[in-house]
A.B. asks: 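Pasting a structure here, questions to come.
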Amino acid sequence: MAKDMTKKQIIIVGGGISGLLATIKVCELGGEVLLFSYCPVKRSHSLCAQGGINACMDTKGEHDSVYEHFDDTVYGGDFLADQIAVKGMVEAAPKLIKMFDRMGVPFTRTPEGVLDLRNFGGQKNKRTCFAGSTTGQQILYALDEQVRRWEVKGSVKKFEFWEFVKIIKNKEGICRGIVAQSMNSMEIRAFRADTVILATGGPGQVFGRCTASTICNGSAVSAVYQQGAEIANPEFIQIHPTAIPGSDKNRLMSEACRGEGGRVWVWRENPQTHEKERWYFLEDMYPAYGNLVPRDVASRAIYKVCEHMKLGINGEHRVYLDLSHIDGDYLVRKLGGILEMYSEFVGKDPREVPMEIFPSVHYSMGGIWVDRLHNTNIPGLMASGECDYQYHGANRLGANSLLSAAYSGTVSGPEAMKWAKTGNKGSELTDNELEAARQEVQNEYDKILQMNGSENAHKLHHEMGDLMYKYVAIERDNNGLDACLVELKKILKRWDDIGITDRGNVANQEAMFVRQLRNMILYAMAITKGARCRDESRGAHAKIVLENGKQKHDADGELVFMGRDDKNFMRVTIVNYDKKTEEPIVTYREFDHSLIKPRARNYAVAKKE
């Protein structure tokens with residue numbers, strides 16, 4: 001059957017929850033989708049989301065409200081999120097849950113058949129819908145089934161095991177296509193599109209060991225950043241407080257553990273009796289929220305206990321996350337996947353002994369700058385999901401990630417079709433322009449295949465990850481950030497001297513990784529420069545005061561952190577790429593914070609006190 005040339009063609013890069021929902025919305029509006037993914041879409045990183053998805057369903061009789069969800073999200077994000085955008089997200093949340101329910105997502109229910117809810121950090125009400133401890137996987141599978149329905153109808157063509165390399169702009173500077181490479185045959189092709197949506201997830205691999213999959217490298221975001229897309233708030237990197245430390249990667253132990261009654265503790269000497277005791281330090285430090293403080297707060301507390309107070313397990317960077325006091329059958333029903341994972345990788349049963357955990361890089365609140373309809377500053381290019389910056393401000397509340405991924409897909413999909421139909425797309429790409437873009441990428445790839453230097457790409461990656469953890473993680477100061485930028489520039493220079501061992505033309509993972517690594521280094525520079533320029537503490541960005549070039553301590557020997565500075569820094573960080581110097585250029589932009597007046601963020605007391 002002849003191709004219908006009147007149909008609009010949308011390219012969506014990324015097969016996670018945001019990308020799949022955008023695909024469904026485009027198809028419902030009569031468009032055709034070319035869907036690109038590093039992996040089979042059912043293996044996208046969205047399936048790693050364990051704990052749940054937030055929505056005000058109020059099935060527990062707590063008189064929860066959409067406004068309370070709105071306020072918790074803005075307050076948890078330390079007032080740096082666009083409040084109009086957040087309001088739209090939380091208002092849509094209950095409808096999204098009902099849609100997923102109809103699609104067949106097996107949400108956990110009470111014995112009466114009512115949708116069950118659990119507690120999550122930074123929220124006093126039970127608001128988190130969940131499917132055991134595999135919520136992301138269940139939602140992803142349900143969406144995959146819906147996309148397959150459109151695929152059978154001919155509206156979707158999947159390019160699984162293809163890597164996005166760059167966008168193609170027409171002579172007016174409007175995005176009209178992409179260049180991508182097959183990860184199996186290594187073929188490089190150029191593709192036309194009316195609109196392009198990036199839904200490529202976060203940059204966790206910039207930090208090396210993290211909770212994210214190896215495909216979460218930020219390479220696609222960095223690629224469009226180098227082509228003129230703005231990155232917003234990159235310095236806000238979420239450190240999840242509870243992960244299993246590993247030599248290869250860190251494995252997430254969901255916040256659902258604490259939501260279901262898990263307690264964090266270490267051994268200490270009682271200050272009064274001098275006897276050895278369990279110290280439930282989150283409950284001591286933050287009595288109103290206890291173990292359910294937001295992630296940035298919990299991570300800093302755990303880091304302080306281990307690094308500064310030297311109370312970690314056996315003096316190491318580990319504390320206990322204890323579920324052993326909870327009924328075992330209840331744990332299996334509510335947290336079965338997490339119990340299985342810990343038993344598999346550690347060899348101990350969390351129902352019997354406390355888990356040993358430490359914070360790990362987990363999520364990026366920052367990403368590509370988008371407006372409320374998910375348009376980037378490059379016409380024709382959109383972004384949604386974790387790769388955009390829109391909904392979480394300076395810190396994301398647990399279980400808001402699946403919500404923002406889903407909601408952003410329902411916004412970007414229809415907007416992509418609207419742009420395709422009525423936007424000023426400029427001239428069509430000619431065959432010559434497509435071939436020129438393809439050949440440019442081919443030439444760059446061929447150069448990588450010829451690299452014969454002395455540096456090892458994976459060693460450079462490990463060095464970069466260690467640098468980022470040392471200087472741009474839980475605690476930061478300007479001396480360390482300056483040092484990090486210097487070292488990152490050195491690593492960027494050393495990239496030119498990489499030598500590769502695989503010069504083959506089939507499934508050459510090494511050559512692709514070398515290309516991704518350069519993008520990761522440039523992204524790391526953007527993160528670090530954003531942190532260096534923001535002289536305040538806000539959310540996940542905690543900056544230590546320097547006095548005479550050294551970290552300042554108070555009379556009790558505690559580190560002194562900068563305060564939140566709303567006058568100078570209640571603005572969005574905007575990072576642009578300087579093509580001549582390859583340096584990130586930082587500016588600031590105002591945003592809408594008119595609905596909820598900023599106030600001090602304090603989880604030691606209840607929010608209304």
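These numbers come from a predicted model, not from an experiment. All residue numbers in this chain count up from 1 along the given sequence.
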A.B. asks: Cation-pi check for Phe130 against Lys334: NZ or CZ below 6.0 Å from the six-membered ring centre and within 45 degrees of the axis, yes or no?
C.D. replies: no
A.B. asks: What residues form a salt bridge (Lys or Arg N to Asp or Glu O under 4.0 Å) with Arg534, not counting sequence neighbours?
C.D. replies: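 Arg534 satisfies salt bridge (Lys or Arg N to Asp or Glu O under 4.0 Å) with Glu235, Glu536 only.
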A.B. asks: Taking all non-hydrogen atoms of both residues, which atom of Glu255 and which atom of Phe120 are closest, and how far apart?
C.D. replies: OE2-CD2, 3.3 Å
A.B. asks: Considering the options Glu230, Glu415, Gln390, which one meets the side chain to side chain contact (heavy atoms under 4.5 Å, CB included) requirement together with Val370?
C.D. replies: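 Option passing the side chain to side chain contact (heavy atoms under 4.5 Å, CB included) with Val370: Gln390.
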A.B. asks: Closest heavy-atom contact between Leu481 and Lys543?
C.D. replies: CD1-CE, 3.9 Å
A.B. asks: Of all residues at least two apart in sequence or in a different chain, which pass the salt bridge (Lys or Arg N to Asp or Glu O under 4.0 Å) check with Asp101?
C.D. replies: Arg109
A.B. asks: Under 3.5 Å, is there a donor-acceptor pair between the Asn400 and Thr73 side chains?
C.D. replies: yes
A.B. asks: Name the residue from Val361, Asn395, Thr211, Ile302 that meets the side chain to side chain contact (heavy atoms under 4.5 Å, CB included) definition with Ile239.
C.D. replies: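 Result: among Val361, Asn395, Thr211, Ile302, Val361 is the only option passing the side chain to side chain contact (heavy atoms under 4.5 Å, CB included) with Ile239.
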A.B. asks: Please tell me whether Asn125 and Asp58 have a donor and an acceptor in their side chains that are separated by less than 3.5 angstrom.
C.D. replies: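 Judged by distance alone, the side chains do not pair up.
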A.B. asks: So is Arg263 actually on top of Tyr280's ring, under 6.0 Å and inside 45° of the axis?
C.D. replies: yes
A.B. asks: Any donor and acceptor pair, going by atom type alone, linking the side chain of Arg127 with main-chain N or O of Ala55 inside 3.5 Å?
C.D. replies: no
A.B. asks: Run the side chain to side chain contact (heavy atoms under 4.5 Å, CB included) test against Lys87 and tell me which residues pass, sequence neighbours left out.
C.D. replies: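 Applying side chain to side chain contact (heavy atoms under 4.5 Å, CB included) to Lys87 gives Phe70, Glu91, Leu595.
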A.B. asks: Centroid separation under 6.0 Å, is that true for the rings of Tyr303 and His308?
C.D. replies: yes
A.B. asks: When you check the side-chain N and O atoms of Ser360 and His240, is any donor under 3.5 Å from an acceptor?
C.D. replies: no
